[in-house]
Amino acid sequence: MKTFANLLGSAALLGASMAHAGELEVTHWWTSGGEAAAVAEFAKAFDATGNTWVDGAIAGSGGTARPIIISRILGGDPMGATQLNHGRQAEELVEAGLMLDLTELADAEGWRDIVQPTSLLDSCTLDGKIYCVPVNIHSWQWIWLSHKAYADAGVDVPTNWDEFVAAAPALEAAGKIPLAMGQQPWQSNGAFGVMAIAIAGIDAWSKVTIEKDAEAAAGPEYAKVFQAAADARAFSANSKVQDWNQATNMVITGQAGGQIMGDWAQGEFQIAEQVAGVDYTCLPGLGVNEIISTGGDAFYFPKNDDPAVTEAQLKLASVMLSKEVQVAFNLKKGSLPVRGDIDLAAANDCMQKGLEILASGAILPDGNQTLSPDTQGQIEDLMVEFWNDPSYSAADAQAAYAAIIADAD
Amino acid sequence: MSAPSKTDSAKRPVRLLRNLNAKIASIPMVATALVVFIGCTTWTVVHSFTSSKLLPKLDFVGWEQYDRLWGTRRWLVSIENLAWYGVCSMVLTLLIGFILAALLDRKVRFENTFRTILLYPFALSFIVTGLVWQWILNPDFGVQQVVRDWGWESFTFDPLYNPDIVIFGILIAGIWQGSGLIMVIMLAGLRGIDEDIWKAARVDGIPTWKTYVVVIIPMMRPVFVTALVLIASGIVKVYDLVVAQTSGGPGIASEVPAKYVYDKMFASQNLAQGFAASTMMLVSVIIILIPWAYLEFGGKKRG
């Protein structure tokens with residue numbers, strides 16, 4: 001009788017695991033060298049569970065990929081899982097009931113206890129239910145400096161933004177571009193956000209970005225930010241590349257002094273076999289305010305009628321948060337893990353700096369978490385115009401910025 | 001067909017039932033047109049007065065979206081660009097298309113070859129056209145570099161990187177792609193002109209150019225109208241050319257309305273704002289179209 005029950009059980013298991021072996025198409029926009037290496041870690045771990053990861057990489061940036069992802073979900077052709085940023089990008093999709101509720105799995109695995117900082121999980125939560133898996137923490141607040149460029153120009157590598165500004169003429173004299181900058185709108189916007197936190201300070205920044213206080217946006221603290229951005233615009237005038245990794249490459253090869261870019265740039269330095277502190281330096285918060293924002297990537301699982309797919313989706317969610325995968329993925333990606341309980345001894349200097357700041361609690365929410373995509377889009381439009389038009393004065397741009405903040409929702 | 005009796009009106013067949021089969025057959029088409037053109041348009045216009053974000057919902061906010069639209073610099077730049085692009089492309093495409101057609105019509109040798117070459121760009125999609133011209137106009141390895149390599153070191157030709165003239169860089173590509181088709185249409189029109197008219201003009205001693213301007217072009221009016229409609233519809237929807245060449249850059253210098261609509265609807269997740277912009281596009285088309293249609297079709301029936 002017992003054997004029969006076993007047989008029955010194993011047959012059921014077999015049947016179940018066959019149903020499990022679902023193919024799951026996963027869309028994301030991780031296409032640069034370092035990113036692709038990182039996402040391969042997810043795929044490997046997921047395939048090891050007997051399922052199949054069907055890679056749905058979308059070339060371009062998030063700005064290109066998100067509309068495609070969202071229209072597929074809305075159009076009734078959902079993928080198995082998809083990357084989005086932490087924050088409000090999927091808010092309405094969740095409200096419309098298009099996303100799989102992960103609460104049961106989260107409770108079973110105790111996500112509330114392991115995800116650190118908990119604000120990441122809060123961004124995934126709506127009405128007490130959890131709808132996404134945060135996979136990493138990405139912070140924007142970094143400037144990457146090329147040792148080679150500064151050595152060629154005969155000046156010391158700067159340790160903060162003021163020194164960077166002071167060293168810029170020497171770099172220009174040596175035929176280098178002081179600041180590398182891609183032309184895509186999100187890069188202009190992001191660089192401005194970094195300067196805002198570093199130069200205006202945390203109080204002014206939170207007033208503007210969290211409380212949407214237009215007066216603060218028009219105030220003297222932000223005037224300094226816009227002035228610094230106008231300086232940066234002059235420094236980057238000659239960098240005519242599009243993608244962020246092309247700009248990073250200019251830093252790696254020493255054609256440019258530095259780049260303001262999030263910690264995902266780390267992956268590119270790693271692939272180029274550069275060593276932090278020897279070939280390049282990273283300064284969190286532009287070396288002025290050592291603080292990082294905790295934006296990043298999360299995976300959402302659109303609802304599906306097929307129970308086998310749902311099963312596979314839950315499996316993938318669980319795999320993504322598991323200890324080993326978090327370590328492997330984040331080391332490749334250059335991002336910080338979302339779990340506070342894992343050991344990242346293998347992390348390099350820059351990541352260690354990030355981990356220290358994270359542990360010290362000097363963290364802020366990301367702009368994506370506090371502002372709606374609509375407001376972000378308006379700010380992007382403004383920034384891309386400001387960065388590209390030298391005749392657009394800092395004061396005018398600040399006035400336009402304050403008007404957007406006044407209308408923000 | 002038997003002629004209906006002119007005296008007895010009761011026996012006259014009901015108008016509605018004439019050609020009944022044809023009418024039944026066209027019902028699906030009529031329904032599609034009503035749903036797609038009228039229905040969807042109304043839906044879009046209605047939702048442009050709401051505060052819809054990612055998903056459409058019906059909470060009306062009056063003219064708010066339009067206020068914001070006309071207070072947005074990017075939209076104003078887009079409109080200005082479209083006006084420049086529209087006027088220039090309309091005039092130049094017609095002009096180039098007609099001149100090429102007239103030259104081919106002079107019974108040149110290898111006409112087929114020339115026609116194929118000139119029509120070829122039309123076979124390419126806008127994206128491909130845009131990419132090709134992005135390379136040609138790139139200052140580092142396009143025209144500018146070639147001329148500089150010839151020895152003219154100070155030569156500068158980088159329209160796509162100069163915010164003041166970037167829209168003309170896009171215009172070049174648009175004309176290159178579009179004038180071939182217009183040429184073919186014009187050529188067909190020219191072939192439709194009776195040989196005798198040419199002979200008569202020659203007998204009267206009218207110079208060739210004058211024959212074209214005074215006699216041939218007025219005779220080709222329907223062909224010009226067709227060509228104009230084709231060009232105009234291409235202008236309003238210009239989008240992919242810009243995306244492939246500049247993505248709206250440098251800055252926002254080459255933005256166009258269609259791109260604004262797309263970005264607001266999908267990237268910014270603000271449907272209502274996108275709808276408001278597309279409604280404005282529709283309105284501007286209607287403003288141009290109605291007087292024209294009235295002149296073209298309305299006048300004839302009355303006359």
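Reminder, nothing fancy here: chain letters follow the sequence lines and each chain counts from 1. Computed from a predicted structure; not experimentally measured.
A 6.0 Å sphere centred on CG of A/Asp305 holds no more than 12 heavy atoms belonging to other residues, nucleotides or ligands.
For the residue pair A/Pro373 and B/Ala267, the shortest heavy atom distance occurs at CB-O, 4.2 Å.
For A/Leu93, the parts lying under 4.5 angstrom from a heavy atom of chain B are both the backbone and the side chain.
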Cross-chain donor-acceptor list, chain A x chain B, under 3.5 angstrom:
from, atom 1, to, atom 2, distance (Å)
A/Gln89, O, B/Gln269, NE2, 3.0
A/Glu92, OE1, B/Leu54, N, 3.4
A/Glu92, OE1, B/Leu55, N, 3.3
A/Glu92, OE2, B/Leu54, N, 2.8
A/Asp374, N, B/Ser268, O, 3.2
A/Asp374, OD1, B/Arg68, NH2, 3.1
A/Asp374, OD1, B/Asn270, ND2, 3.0
A/Asp374, OD2, B/Lys53, NZ, 3.1
A/Asp374, OD2, B/Arg68, NH1, 3.0
A/Asp374, OD2, B/Asn270, ND2, 2.7
A/Asp381, OD1, B/Arg74, NH1, 2.8
A/Asp381, OD2, B/Arg74, NH1, 3.2
A/Asp381, OD2, B/Lys264, NZ, 3.4
A/Glu385, OE1, B/Arg73, NE, 3.4
A/Glu385, OE2, B/Arg73, NE, 2.9
A/Glu385, OE2, B/Arg73, NH2, 2.5
A/Asp409, OD2, B/Lys53, NZ, 3.3

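Among the candidates A/Gly377, A/Ala403, A/Pro67, A/Ala96, the residue making the largest number of heavy-atom pairs closer than 4.5 Å to chain B is A/Pro67.
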